[in-house]
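Working notes, beginning with the structure itself.
Nothing fancy with the numbering, it's 1 onward along the sequence.
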Amino acid sequence: MSLINRVVIFLIFITLPNIGLADSSVREQALRTMKSASQFMLEKASYRGGFVWSYLPDFSRQWGELEARRTMVWMQPPGTSSVGHLMLDAYHSTGDEFYYQGAQKVAAAIIFAQHASGGWNYVADYAGEASLKDWYATIGKNAWRLEEFQHYYGNATFDDMGTAEAAKFLLRMYLEKRNEQYRGPLYKAMSFVLNSQYPIGGWPQRFPLMYDHPYPDHPDYSSFITFNDDVAAENIDFLLMCYQTLGETRVREPIIRAMNAFIVTQLGQPQPGWALQYTTELQPAGARSYEPRSLHTPTTAENISQLIKFYRLTGETKFLARIPEALDWLDSLKFSDTKTLEGRTHPGFVELGTGKALFTHRRGSNSANGEYYVDHVPGNMLAHYKSAATIPVSELRKAYQEVLAIPAAEVNRHSPLRESVRMALPKYFTLGKVSFSDLNFRAQTERENARTDSLADQVEKLINQLNQAGYWPTPLYYTTNPYQGKPPSGKAGRGDEQYANTMVGDKWDTSPYPVKTPVMGISTGAYIRNMGVLIRYLDSNNLP
């Protein structure tokens, strides 16, 4: 270490406030806090290496997106895979084998949860498939607004990053020490992404295809080509990582095909936008009953951003060619009066053909008697899924103009698709956005690491706030009604809109909802976030 670095670190330490044991350095206290919190999460909160999102302190209840059973493993971030990424980040920060061993425990749960096809469902259950089916038939089925949990498909999903997050973690685990026990599950996940891709380049929401959606009034949407929740973008990013770090040349063509799918799914004039989902005949399609067949402005905005990235990856101007049309179309949809739309600037759903804004509403009180419906009447929006959105068109225009200004020879000079470019995975995955499809991913991570303002104060608080049990008490702002059994039969009437704007219906609705007076509990997300602060402190000060 240089003399300058030693002086800088000395000055940092002498200016830090007294935060505890006088005979311990801040570094030692930070390391001890990290270890205590991680021991608690691995030994107390975890179930055989798997995690959900939050727990009551006595573990009498726990939750992922819905209430979970103690034996369940939740895959959606910030669940099991997110903790795995955090363990590897802590290992890279400290060099302590304890964290690598923790990552191995998490990996074991992820491999247990891996579907035979190679992907992951939202959840898995160590109590067995019969227990999981029962959970779907009770808690899942009665979650009124979470229709994706009301039916047990028995396959895997790309929704909410569950598969992508797990696959990327297995890639990191394999690359860390080239341990062969992770190679098989990793390549199984890679094959899942490749086998599930449609010839046109898009992916379904779920795979293997099942076609057994239970709603008679609209078709199964899980087989549709899906942009919702970054399904395509996340799969492209995982395949790019495999191409770069494993030298897997077979994934290059699927990457290109997936990027081209963004071009062919853009509608022509006069509505040059995108839908959330498409049939295999490339027709816009609906999904959940509050996601009508329509064009979707947030998806359009996100796909414009993706096309700009694809141009940076390939240097091919075809990805930019129709962006101005899409931007102009978004501008044409802007509301003149946003008072009844909570200040939002654009309709979320746009009717095909007419270009009119569509608004989703609901009536009834639970999944048995409730229903969602669509009309052209603004306001009275759903609490959990707004029909209006704020679309940053000016920012998208600026990004488009900026990429046009890059000299053609420089556009894809550092692209991971170039054979001359070799990129390693970044050291940390939980300190900032990591994306191989974004050529600025290193800068994003570095900017996050550079945010050292009041970092010492944050570290002080985290060291002092860890309780004797070993966790950071965190307010749990959401809860659920316990399962009450089968709700009474009936059908909502037109005027039955008591729960039109609430997150939850009556006592039979198992959907999560916010509480005014949260209880203090254990949060997996808070653990990951707090550990990230401590890791950033160690890293920014060249420690240990």
Spell out, as yes or no, whether a donor-acceptor pair under 3.5 Å connects the side chain of [X] to the backbone of [Y].
X    : Y    : answer
S387 : G348 : no
N501 : A383 : no
W203 : V193 : yes
R312 : N412 : no

Should the pair [X]-[Y] be classified as a salt bridge under the 4.0 Å nitrogen-to-oxygen rule?
X    : Y    : value
K168 : D237 : yes
R172 : E176 : no
D331 : R397 : yes

* Structure fact -> Between R206 and the options N121, T163, D159, the side-chain hydrogen bond (donor to acceptor under 3.5 Å, both in side chains) test singles out N121

* Taking atom CD of E419 as the centre, report whether more than 12 heavy atoms of other residues, nucleotides or ligands fall under 6.0 Å from it. =>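 No, not enclosed.
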
* **Residue pairs involving residues 290-300 (criterion salt bridge (Lys or Arg N to Asp or Glu O under 4.0 Å); sequence neighbours excluded)** => R288-E291

Are [X] and [Y] close enough that their ring centres sit under 6.0 Å apart?
X    : Y    : result
F310 : F262 : yes
F192 : F158 : yes
H384 : Y478 : no
H92  : Y99  : no

* Of the options W74, Y152, F149, which is the one that meets Y122 in a ring-ring contact (aromatic ring centres under 6.0 Å, His included)? ->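 Of W74, Y152, F149, ring-ring contact (aromatic ring centres under 6.0 Å, His included) with Y122 is met by F149 alone.
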
* Which residue, I225, T226, T157, forms the side-chain contact (heavy atoms from CB on, under 4.5 Å) with V231? -> T226

In Å and rounded to the nearest 0.5 Å, what is the [atom1] to [atom2] distance from [X] to [Y]?
X    : Y    : atom1 : atom2 : value
L66  : W53  : CG    : CH2   : 8.5 Å
H115 : F207 : NE2   : CZ    : 10.5 Å
L267 : L352 : CG    : CG    : 6.5 Å

* **Residue pair N303 / F227, side-chain heavy-atom distance below 4.5 Å** =>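 Yes. Closest side-chain heavy atoms under 4.5 Å.
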
* Asked: Within a strict 4.5 Å, meaning less than it, do heavy atoms of the M161 and D230 side chains meet?
  ->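 A side-chain contact is absent here, since even the closest heavy-atom pair is not under 4.5 Å.
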
* Minimum heavy-atom distance between F112 and A124, given as atom pair plus value ->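 For F112 and A124, the tightest heavy-atom pair comes out as CE2-CB, 4.2 Å.
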
* Residues forming a side-chain contact (heavy atoms from CB on, under 4.5 Å) with P298, sequence neighbours excluded -> H296, A389, I391

